[in-house]
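This report refers to the structure that appears directly beneath it.
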Amino acid sequence: MPRFQAPDWMMRLAARRNPLARAALPLLGKVRRSTSAKAQNLLGWKPRGNAEMIVATAESLIRLGLVKT
């Protein structure tokens, strides 16, 4: 997760020396919105509820030893 969103001018400046920043230039200024509508329509997939997702994530972190109980 990014800690902050760099302004476009900063990315353009960084792109002069950093190939990774240069690769992001075509995305500057574009708003990207994603949904699960296609998966739901084509596959009949239903997303989990928030509570179920949070519990499953916590159980997984505990099982992997990343969180102490």
Side-chain angles (χ1 to χ4, degrees):
M1 296 295 295
R3 293 184 192 181
F4 71 96
Q5 183 175 351
D8 288 359
W9 66 267
M10 187 181 293
M11 289 300 295
R12 292 184 197 285
L13 184 63
R16 293 182 178 188
R17 296 196 182 247
N18 185 318
L20 187 60
R22 192 173 308 123
L25 287 180
L27 302 174
L28 292 180
K30 294 184 181 179
V31 177
R32 299 182 318 174
R33 302 204 190 281
S34 300
T35 69
S36 61
K38 188 173 183 178
Q40 290 179 32
N41 292 334
L42 291 176
L43 305 173
W45 175 77
K46 300 280 188 219
R48 295 184 194 184
N50 290 339
E52 184 183 351
M53 234 182 329
I54 291 169
V55 170
T57 300
E59 288 172 345
S60 178
L61 291 172
I62 292 168
R63 187 175 58 254
L64 293 171
L66 298 174
V67 174
K68 294 180 181 179
T69 55

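By convention here, the first residue in the shown sequence is residue 1.
Atom-to-atom distance recorded for N18:CG and L13:CG is 11.0 Å, nearest 0.5 angstrom.
Residues passing the side chain to side chain contact (heavy atoms under 4.5 Å, CB included) test with L25, sequence neighbours excluded: R12, A15, R22, L28. A search for side chain to side chain contact (heavy atoms under 4.5 Å, CB included) contacts involving R48 returns E52, M53, A56, not counting sequence neighbours. Annotation: side chain to side chain contact (heavy atoms under 4.5 Å, CB included) contacts of A6 (sequence neighbours excluded): F4, M10, M11. In this structure, the side chain to side chain contact (heavy atoms under 4.5 Å, CB included) partners of S60, at least two apart in sequence or on a different chain, are R63, L64.
Sorted by first and then second residue, the pairs that involve residues 38-47 and meet side-chain hydrogen bond (donor to acceptor under 3.5 Å, both in side chains), not counting sequence neighbours, are S36-Q40.
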